[in-house]
Amino acid sequence: MKMKTKRTLVKAALGREESMDSILIKGWVRTRRDSKGFSFVEVNDGSCLKNIQVIVDATWPDYAKIDEVTTGAAISVTGELAASLGKGQKWEIRASGLEVLGTADSSYPLQKKGHGAEYLREIAHLRPRSNMFGCIFRVRNRLAFAVHNFFQEKEFLYVHTPLITANDCEGAGELFRVSSLDAKSPPLNDAGEVDFGEDFFARPTYLAVSGQLEAEIFATAFSNVYTFGPTFRAENSNTSRHASEFWMIEPEMAFCDLEGNMDLAEEFVKYLIADILKNCQEDLSLFARFVDKGLLNRLQFVVDRPFKRVSYTKAIELLQKSGKKFEFPVDYGANLQSEHERYLAEDHFRCPVTVYDFPKEIKPFYMRSNDDGKTVGAMDLLVPKIGEIVGGSQREERFDVLSENLKHHGLSEKDYWWYLELRKYGTVEHSGFGLGFERMLMFVTGVANIRDVIPFARTPGNAEF
RNA sequence: UGCUCGGUAGCUCAGCGGUAGAGCAGGUGGCUGUUAACCACUUUGUCGCAGGUUCGAAUCCUGCCCGAGCAGCCA
């Protein structure tokens, strides 16, 4: 019986130290170049950016089949892995057999030459086969792995918080309603409004905008926990850095104050960048060449230097003294505008900056009140080019103060009874933050649009794939 | 949602009142090792949609649709 050759991934073949008498590869044709007497076929299977070059000699009995070996076709090649006779690659495969597994005619939308990001977005089912998106999604994979490594090395517990929630969390933002009621004729109450008491969960429910409140439950049992999952916002945002469905990482730590929180955020961001610099060099080199020439220097810079920290009050002073004309006025008590954040990270400090201790009026109910009575222990980590990448706070652990804050924000204690009980039984100082996974990926790859770092982007009016 | 810019060949784009172009892709032929191969020849268009102005509209005007950038909301 003939031994069946096991398939080798292109990445493994290219990384070989020695030649192979017999090799089997499978993948998709990127391009074919014909010469008199033989053809060069470049095959990619997604395992790495590089293709492997296959030589098909015209003396091969089935050489007529070469016409079907077109850009986009899926093929299987057997042959010998040998040192390349040409320049530009170490190894090539001298084919002894070739099978076209799936043809692709000339209507194949992915050509060998430059496509625009917007066009590729319209063919999200094929763009992973392009060089750029191959790199993006390999880095995305590694970044997700690095997230878990970071927290697992620190003994943080990975917790799965619910995606369907009954609290319209923090009273902020637009939520997607989750309902199984008949949209055409929903049950009505006496006032003629939709009666969500009749709905699946016997109350109004939504897709979660954050797992924070539930993460706090676990932090007050396991000390250090993190979530990593999808989250949903129904805001009609049309920008290059907002998506309706995105992934977020939310660590939550008991016995930790705002400073410990900022320390962790900084360490986390640096760890992720260092991991990608180390493990995704080939993919990063493509971004450095075609997307952002300054990428590698900027990433190295961020890993090497400490982040700056300024209080909100100090940040306002800096902005007022900057002499720069802003479209929006810089006033104490107002939110920092994008242009203000950009000035701090890109012009003034020229590095990531953490702004902390914000006025209480512009922040949610759960953030811990500072002793000055005016500010809360909040922090935003701002990064050049992208802006806010992390938002977090120390949480209000004092029952009376939290209860007061709920009232102040017009929220009912009844809806947050379990959240309040965390403060009633064994309450402790605790803190946490949220890091936008796609924003981190944008920073690490230099890709400017969030729609291009998520496999299938959900934005207002778009859910095709 | 507001402001700004854009929609011309399969893709990238030029043309911006005088009747449709280039490069690439595709096709044909050539080339003894190519590297987004090269050389020669060659096919392809409701110029986003609907009105209007004009002798004449891809080009000017209005409305709509779609996309992008920025702002707000945030991660």
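Letters A, B, ... mirror the listed sequences (proteins, then strands); counts begin at 1.
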Whole Å only: how far is the CG atom of A/Asp105 from the P atom of B/A25? 17 Å

Just to be sure I understand the geometry, which residues of residues 450-465 of chain A put a non-hydrogen atom under 4.0 Å away from RNA chain B? A/Ile450, A/Arg451

A/Asn238 CG - B/C70 P separation (whole Å): 11 Å

Tell me every residue that passes salt bridge (Lys or Arg N to Asp or Glu O under 4.0 Å) with A/Lys363, counting only those two or more places apart in sequence or in another chain. A/Asp380

Starting at atom CG of A/Asn335, determine the distance to atom C1' of B/G72, rounded to an integer number of angstrom. 10 Å

Using whole Å, report how far CD of A/Glu250 lies from P of B/C74. 15 Å

Table of protein N/O atoms under 3.5 Å from nucleotides 34-37 of chain B N/O atoms:
residue : atom : partner  : partner atom : Å
B/U34   : O2'  : A/Arg33  : NE           : 3.3
B/U34   : O2   : A/Arg33  : NE           : 2.7
B/U34   : O2   : A/Arg33  : NH2          : 2.7
B/U34   : N3   : A/Gln53  : OE1          : 2.7
B/U34   : N3   : A/Gln53  : NE2          : 3.1
B/U34   : O4   : A/Gln53  : OE1          : 3.4
B/U34   : O4   : A/Gln53  : NE2          : 2.6
B/U34   : O4   : A/Gln89  : NE2          : 2.8
B/U35   : O2   : A/Gln89  : OE1          : 3.0
B/U35   : N3   : A/Lys87  : O            : 2.7
B/U35   : N3   : A/Gln89  : OE1          : 3.1
B/U35   : N3   : A/Gln89  : NE2          : 3.4
B/U35   : O4   : A/Lys87  : N            : 2.7
B/U35   : O4   : A/Lys87  : O            : 2.0
B/A36   : N3   : A/Lys112 : O            : 3.3
B/A37   : OP1  : A/Thr31  : OG1          : 3.3
B/A37   : OP1  : A/Lys112 : NZ           : 3.4
B/A37   : OP2  : A/Arg33  : NH1          : 2.7
B/A37   : N6   : A/Asp34  : O            : 2.9

Phosphate OP1/OP2 of B/C70: any A/Arg342 side-chain N/O under 4.0 Å: no

For residues 132-141 of chain A, dump all side-chain donor-acceptor pairs below 3.5 Å to protein atoms at least two apart in sequence or in another chain.
residue  : atom : partner  : partner atom : Å
A/Arg138 : NE   : A/Asp283 : OD1          : 3.3
A/Arg138 : NE   : A/Asp283 : OD2          : 3.4
A/Arg138 : NH1  : A/Gly46  : O            : 2.9
A/Arg138 : NH2  : A/Asp283 : OD1          : 3.3
A/Arg140 : NH1  : A/Glu438 : OE2          : 3.1
A/Arg140 : NH1  : A/Val453 : O            : 2.8
A/Arg140 : NH2  : A/Glu438 : OE2          : 2.9

Rounding to an integer number of Å, can you tell me how far A/Glu118 CD sits from B/C5 C1'? 11 Å

C1' spacing across the pair B/U19 / B/A57, given as an integer number of angstrom: 10 Å

Below 4.0 angstrom, which residues in residues 263-270 of chain A have at least one non-hydrogen atom near RNA chain B? none

Has A/Thr375 got a side-chain atom pairing as donor or acceptor with A/Asp357's backbone, closer than 3.5 angstrom? no

d(OH, A/Tyr108; P, B/C11) in whole Å: 15 Å

Please confirm whether the backbone N or O of A/Phe328 pairs with a side-chain atom of A/Glu339, one donor and one acceptor, at under 3.5 Å? yes

Under 4.0 Å, heavy atoms only, any strand: does A/Gln111 hit a base, just the sugar-phosphate, or nothing? base

Expected output: side-chain A/Thr231 to main-chain A/Met248 donor-acceptor under 3.5 Å: no

Does the side chain of A/Ser240 get closer than 4.0 angstrom to OP1 or OP2 of B/C70 through an N or O atom? yes

Which one is paired to B/G10, where only Watson-Crick or G-U wobble pairs with both distances under 3.5 angstrom count? B/C24

Does B/C55 pair with anything, Watson-Crick or G-U wobble, both distances under 3.5 Å, and if so, with which nucleotide? B/G18

When rounded to the nearest 0.5 Å, the distance separating CZ of A/Phe38 from OG1 of A/Thr59 is 11.0 Å

For B/G10 and B/G26, measure between their P atoms and round to the nearest Å. 15 Å

Determine yes or no for a side-chain-to-main-chain donor-acceptor pair under 3.5 angstrom, with A/His340 supplying the side chain and A/Gln337 the backbone. yes

Using the P atom as the reference point in each nucleotide, state the distance between B/A58 and B/G7 in Å, no decimals. 15 Å

I'd like to check A/Phe443 versus A/Ile273 (side-chain heavy atoms, cut-off strictly below 4.5 Å). Are they in contact? yes

Taking CZ in A/Phe218 as the centre, count heavy atoms belonging to other residues, nucleotides or ligands within less than 6.0 Å. Is the count above 12? no

Does the structure show a Watson-Crick or G-U wobble partner for B/C74, both distances under 3.5 Å? Name it, or say none. none

Value in whole Å for how far the P atom of B/G72 lies from CD of A/Glu235: 13 Å

Go ahead and name the base partner of B/C3; Watson-Crick or wobble counts if both distances stay under 3.5 Å, otherwise write none. B/G69

Heavy-atom nearest nucleotide on RNA chain B taken for A/Phe246 and for A/Leu336; more 5' hit belongs to A/Leu336

Just checking A/Arg30: base, sugar-phosphate only, or nothing, at a heavy-atom cut-off of under 4.0 Å? nothing

Provide the Watson-Crick or G-U wobble partner of B/C38, both distances under 3.5 Å; none if there is no partner. B/G30

Please determine, for B/C64, whether a Watson-Crick or G-U wobble partner exists with both distances under 3.5 Å, and give it or none. B/G48

What closest approach, in Å, do A/Glu282 and A/Lys50 show between heavy atoms, and which atom pair accounts for it? OE2-CG, 3.0 Å

Please list all pairs meeting side chain to side chain donor-acceptor pair (under 3.5 Å) that have one or both residues in residues 455-465 of chain A, counting only residues at least two apart or in different chains. none

B/C47 versus B/U59 - spacing of their C1' atoms, nearest Å: 10 Å

Can you confirm if the NZ or CZ of A/Lys360 lies within 45° of the ring axis of A/Phe365 and under 6.0 Å from the centre of its six-membered ring? no

Checking all strands, does A/Phe328 fall into the base, sugar-phosphate, or nothing category for heavy-atom contacts under 4.0 angstrom? sugar-phosphate

Looking across every strand, which nucleic acid part, if any, lies under 4.0 Å from A/Ser237 by heavy atom: base, sugar-phosphate, or nothing? base

For A/Gly37, which contact category applies under a 4.0 Å heavy-atom criterion: base, sugar-phosphate, or nothing? nothing

Would you say B/G69 has OP1 or OP2 under 4.0 Å from some side-chain N or O of A/Asn449? yes

If we ignore hydrogens and angles and just use 3.5 Å, is the side chain of A/Thr71 paired with the main-chain N or O of A/Arg30 as donor and acceptor? yes

Span that lies between the C1' atom of B/C65 and that of B/U28, in whole angstrom: 41 Å

Map A/Ser244 and A/Gln337 onto RNA chain B by nearest heavy atom, then report which one ends up closer to the 5' terminus. A/Gln337

Touch class at under 4.0 angstrom, heavy-atom based, for A/Ala243 against every strand present: base

So A/Phe358 and A/Tyr312, would you call those rings parallel, tilted or perpendicular, with 30° and 60° as cut-offs? tilted

Tell me: OH of A/Tyr119 to C1' of B/G7, nearest whole Å? 16 Å

